[in-house]
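Each chain gets a letter, A, B and so on, in the order its sequence line appears, and its residues count up from 1.
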Amino acid sequence: MSSYAFNEIEKKWQDHWEENKTFRTPDEVDTSKPKFYVLDMFPYPSGVGLHVGHPLGYIATDIVARYKRMLDTNVLHPMGFDAFGLPAEQYAVEHGVHPRITTDKNIQNMLRQLKRLGLSYDWDRMFSTTDTDYYKWTQWIFLKLFNSYFDEQDQKAKPISELIQALTSGTYAIDGEFKIIAPNAEGSRSWNELDEKEQDQVLANYRLAYMAEVPVNWCPGLGTVLANEEVTNEGRSERGNFPVFKRPLRQWMMRITAFADRLIDELDDVEWPEPVKMMQRNWIGRSKGAFIEFQVKGHDQNIKVFTTRPDTVFGATYMVLAPEHPLVDQLTTNEQKEKIADYQTWAASRSEIERLAEGKEKTGVFTGAYAINPVNNTEIPIWIADYVLAGYGTGAIMAVPGQDERDWEFAETFDLPIIRTVQPPEDFDGKAYTGNGPAINSDFLNGLKIKEAKHAAIEWLSNNNTGEGATNFKLRDWLFSRQRYWGEPFPILHHPDGIIKAIDVADLPVTLPEMEDFSPSASEDPNAPPVPPLGRSDDSWKFIEIDGVVYARELNTMPQWAGSCWYYIRFIDPQNANQFVDPDKEKYWLGENGVDLYVGGSEHAVLHLLYSRFWHKVLYDLSYVTSKEPFGRYFSQGYIQAFAYRDERGIAVPADDVIDQDGNPATEVQDQNDRQFSYKGSPVTREYGKMGKSLKNAVSPDEVCDQYGCDTLRLYEMYMGPLDASKPWNTRDIIGSSRFLRRVWRNYVDENTGESLVVDAQPSDDLLHILHKTIKRVTESMDRLSFNTAIAALIELNNALVSLDKIPLEIAKAFTLMLAPLAPHISEELWERMGHSSSLAHENWPKYEERYVTESMVEIAVQINGKVRGTIKIPVNAPKELVLDTAKTNDSVSKYLEEKTLRREIYVPGKIVNLVVN
RNA sequence: GCCGAGGUGGCGGAAUAGGUAGACGCAACGGACUUAAAAUCCGUUGUCCUUUGGGACGUGCGGGUUCGAGUCCCGCCCUCGGUACCA
């Protein structure tokens with residue numbers, strides 16, 4: 001017997017690849033050859049290991065890597081672990097086990113699972129973001145950011161030393177808010193007049209990594225900041241139900257907003273799915289408009305607003321400040337104080353999503369103060385309302401109900417005046433009119449179209465010193481610190497007088513201290529200063545004496561994003577102890593376009609990809625990398641979804657143990673409609689969602705490998721549908737991929753004798769046609785990552801071989817090579833059995849010959865009035881007249897032409913004939 | 001709410017420039033082989049009507065453009081991803 005023994009075969013070839021380092025990309029490659037850098041989003045090593053959803057992208061990139069190697073390309077295909085993160089830390093808090101122990105254990109398990117899938121990674125390049133050798137360089141990059149500023153003139157990052165130089169030499173002066181202004185400006189001071197602390201404040205306003213007070217969800221009961229999604233509607237923590245307060249905290253920030261224009265504009269240069277580019281553009285949210293200053297009646301202060309519609313300024317009938325706006329307290333009149341304070345408290349407890357939701361009841365409170373509209377000196381009331389967010393624009397708006405729907409709703413609710421300043425069309429019967437039209441009720445703007453009116457308004461405002469044209473972004477600076485233990489420590493020291501000192505590059509890495517208790521310090525007092533876990537570390541770590549000054553270490557850590565922001569660079573040169581990457585290697589592997597193919601889940605479409613691009617651009621400006629963009633081509637994969645079941649209490653139960661009314665396992669009847677499901681005798685309800693731990697519907701790749709082998713698993717996952725679509729896991733369908741491979745095996749190997757069925761004989765002409773058409777189909781499918789259709793083509797070719805007693809060598813070889821990227825183990829085995837002594841990993845991909853791909857006759861459909869009534873076979877190059885005659889005289893067509901008038905004849909060569917009659 | 005994607009047989013999906021809807025696989029049904037079962041091989045399989053020939057309908061719902069629409073346009077419904085501290 002010599003049936004398809006996938007267990008032995010897969011073990012044999014995985015060992016072979018490992019022993020021979022088949023997929024090792026040497027440190028020095030032949031750089032005259034083209035390169036292909038294909039990368040996965042590396043996983044977080046979770047305790048439950050991989051489920052079958054994880055490898056979806058990994059299998060796809062592996063196929064590409066193997067395919068590219070067969071096209072004589074240098075391939076870089078690495079893998080690692082994004083191993084800082086909350087679960088290991090949470091486990092440490094609860095069980096006192098050091099996160100490193102948990103993390104290492106999980107990595108070992110996931111590594112075993114990944115290797116079992118036959119993925120052709122260069123494992124010698126593997127690392128984790130938690131390796132000190134790696135995070136040393138994460139800290140190094142952080143220092144580059146800290147020591148850089150954004151030069152507005154040149155639109156690029158530069159070393160802050162250049163700015164200091166310019167300041168010292170008196171090129172600029174400093175204003176009262178520690179911002180740089182023209183020299184000798186009124187009320188300015190020169191840099192050299194400032195003390196060290198003041199100078200530090202100036203630089204903080206320009207560094208790309210800086211500290212600032214920002215409002216966050218502070219949960220003193222947990223001693224940490226929470227994500228919006230971790231806060232309940234009642235304003236309490238999901239975990240533990242502690243109260244949560246919106247409170248300003250001094251946090252590390254990244255000045256990503258400085259790069260907003262480039263992050264939008266340079267998207268044009270990358271080959272990414274258009275929807276992802278769209279999401280990034282919308283996220284950055286560039287809008288052109290104007291800042292306008294409104295004087296407050298009886299106060300010195302002005303209120304600055306951003307508006308995209310400066311043309312409607314005559315229609316500004318009231319103003320709205322965000323409840324958190326710093327001027328609210330000063331402006332509010334005594335009678336209104338209590339109401340305002342109540343409203344502020346209420347608004348602080350609401351999530352941003354709730355606050356922006358349209359269609360809900362508008363809420364707000366009058367401050368009692370009035371502003372003066374600069375264009376007509378009208379007094380307009382100042383309100384606060386939660387539909388204005390502190391973080392967007394200036395946190396204040398001029399409300400123009402005539403041209404803005406939300407303002408109209410608000411004005412109606414509170415009976416505020418509405419003035420139209422754009423003439424709606426006569427048949428317009430809506431409320432706010434946002435369309436185009438001539439300006440009305442607008443003095444010097446009257447009659448102008450929106451675009452002209454905007455220009456005119458901005459010109460008037462600048463001439464009168466009450467405003468200026470401006471571009472505003474929705475994008476906010478990136479909040480970069482976390483109150484956690486299991487993250488990269490900041491290479492930062494705090495001087496007792498508040499000055500921030502960067503640790504010397506030579507003293508990197510700053511390693512995490514050993515600790516027993518990893519929890520942050522909780523408190524009942526919402527105003528108590530936060531004490532992150534590192535605050536519990538030994539004083540010998542927390543304090544460091546330099547030149548007689550005792551500095552305190554920064555106690556926050558970096559977010560998980562930090563490690564994943566640049567790992568694609570480190571893979572190029574992972575062991576380099578002297579540099580974050582060797583410049584020559586970087587130049588070859590990233591080149592002009594960066595990573596050649598990056599595959600990952602669409603949930604990363606905005607944040608991770610945006611943060612990475614930002615860091616990359618800084619490194620590019622500082623001449624550390626050669627490509628403007630990190631990822632030249634990006635592909636979003638879909639999710640594997642699965643059915644999940646909940647009991648009467650709404651708790652998810654293990655999907656594996658759910659049965660239907662006839663006792664069948666639920667997983668076998670999931671696509672039938674008339675099933676009632678139960679778990680341990682009690683009825684359960686069914687839902688559908690992303691496979692994972694929380695829904696208890698995860699399927700481990702180990703199970704499938706045990707039962708069918710990983711070649712089958714690989715094929716099944718790719719055959720489920722297009723890579724970018726989400727699709728349901730259906731265990732029952734796996735058998736189809738398994739049958740295909742067994743059928744392949746039997747075409748090559750006599751199961752009774754073990755003899756090869758491959759013979760060196762001339763294939764029939766028919767078979768050559770099928771072969772070459774298949775090569776064409778598979779090659780084209782591979783090039784567009786359409787592996788499901790590549791597999792379908794191979795199945796068809798294989799089915800055509802089933803009826804043969806022996807298969808010709810030419811066909812057998814080409815078929816094996818095409819199957820190899822998809823199902824590499826069985827392919828290597830068959831290749832060896834055809835007499836080859838080395839791996840097929842670097843064999844040449846088959847090429848098709850045009851003469852076998854084209855047919856002499858083609859079948860086309862004949863339509864009458866757009867309905868197919870028959871088909872005809874015609875020579876490929878038949879002249880139109882002949883085709884139309886053949887069509888009209890065809891038996892099943894001609895009867896539709898009787899007693900009718902032929903009005904029109906359409907012939908699309910090779911496709912269709914359509915005869916229009918009546 | 002906002003931004004983005006999707007909806008095609010009993011199920012997963014195919015149809016790359018608007019041109020024969022349902023390739024390929026699963027399930028189901030019929031047959032061959034077998035003492036039997038499994039495995040394997042051959043065939044049928046969108047729905048409805050029809051005696052055969054065939055006909056009508058059909059890509060979430062409602063409209064539209066076109067000789068021709070799964071594909072393009074307008075309006076709706078539902079599902080999924082993101083919404084900045086999950087990453």
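Among the heavy atoms of the strands, none lies under 4.0 Å from A:Asn217. In this structure, A:Ser786 reaches neither bases nor backbone, as no heavy-atom distance under 4.0 Å exists between it and the strands shown. Using a 4.0 Å heavy-atom cutoff across all strands shown, A:His604 reaches at least one base atom of the nucleic acid. Nucleic acid contact for A:Arg784: base, since at least one base atom lies under 4.0 Å from a heavy atom of the residue. Contact annotation for A:Val225: base contact, defined as any heavy-atom pair under 4.0 Å involving a base atom. At a threshold of 4.0 angstrom between heavy atoms, the contacts of A:Arg903 with the nucleic acid are absent. Contacts of A:Pro273 with the nucleic acid, taken as non-hydrogen atoms under 4.0 Å apart, are absent. Across all strands shown, A:Pro275 has heavy atoms under 4.0 Å from sugar-phosphate atoms exclusively, and none from any base. A:Lys277 comes within contact range of no nucleotide atom at all, as no heavy-atom separation falls under 4.0 Å. Residue A:Glu796 is in sugar-phosphate contact alone, with no base atom involved, counting any heavy-atom pair closer than 4.0 Å across all strands shown. Within the nucleic acid shown, A:Ile795 comes within 4.0 Å of sugar-phosphate atoms alone, with no base atom in reach, counting heavy atoms only. Among the atoms of the strands shown, base atoms are found under 4.0 Å from some heavy atom of A:Glu780.
For the P atoms, the distance from B:C48 to B:G68 is 29 Å, rounded to whole Å.
Across B:G25, B:C85, B:G13, the shortest atom-to-atom separation from the side chain of A:Leu479 is found for B:C85. Side chain of A:Ala792, nearest nucleotide from B:C26, B:A23, B:G19: B:A23. Closest to the side chain of A:Thr789, out of B:G55, B:A15, B:G19, is B:A15. Side-chain proximity of A:Arg476 to B:G55, B:A84, B:G4: nearest is B:A84. Checked against B:A14, B:A56, B:A15, the side chain of A:Pro722 finds its nearest nucleotide in B:A14. Taking the side chain of A:Gln863 as heavy atoms from C-beta on, and the options B:U20, B:C86, B:G13, the nearest nucleotide is B:U20. The side chain of A:Thr871 lies closest to B:U20 when the candidates are B:G25, B:U20, B:C85. Among B:C67, B:A39, B:G4, the nucleotide with an atom closest to any side-chain atom of A:Arg904 is B:C67. When distances run from any side-chain atom of A:Asn914 to the nucleotides B:C41, B:G68, B:C26, the shortest one goes to B:G68. Taking every side-chain heavy atom of A:Met720 into account, B:G12 is the closest of B:A27, B:G12, B:U20.
A salt bridge is absent between A:Glu905 and A:Lys880: the closest approach of a Lys/Arg side-chain nitrogen to an acidic carboxylate oxygen does not fall below 4.0 angstrom.
Between A:Arg482 and B:C85 there is a side-chain N or O to OP1 or OP2 distance below 4.0 Å.
A straight line from CD1 of A:Ile284 to C1' of B:C2 spans 16 Å, rounded to a whole angstrom. Atom-to-atom, CE of A:Met253 to C1' of B:C85 comes out at 12 Å; the value is rounded to the nearest Å.
On a pure distance criterion of 3.5 Å, no polar donor-acceptor pair joins the side chain of A:Asn282 and the base of B:C3. Taking only distance into account, the side chain of A:Tyr44 never meets the base of B:C86 through a donor-acceptor pair shorter than 3.5 Å. Contact annotation: side chain of A:Gln251 to base of B:C85, donor-acceptor pair present below 3.5 Å.
Base orientation of B:G9: syn, since the glycosidic angle falls within 90° of 0.
Nucleotide B:G58 forms a pair with no other nucleotide shown, judged by Watson-Crick or G-U wobble geometry with both contacts under 3.5 Å.
Cation-pi geometry between A:Arg613 and A:Trp272 is met: under 6.0 angstrom from the ring centre, within 45 degrees of the axis.
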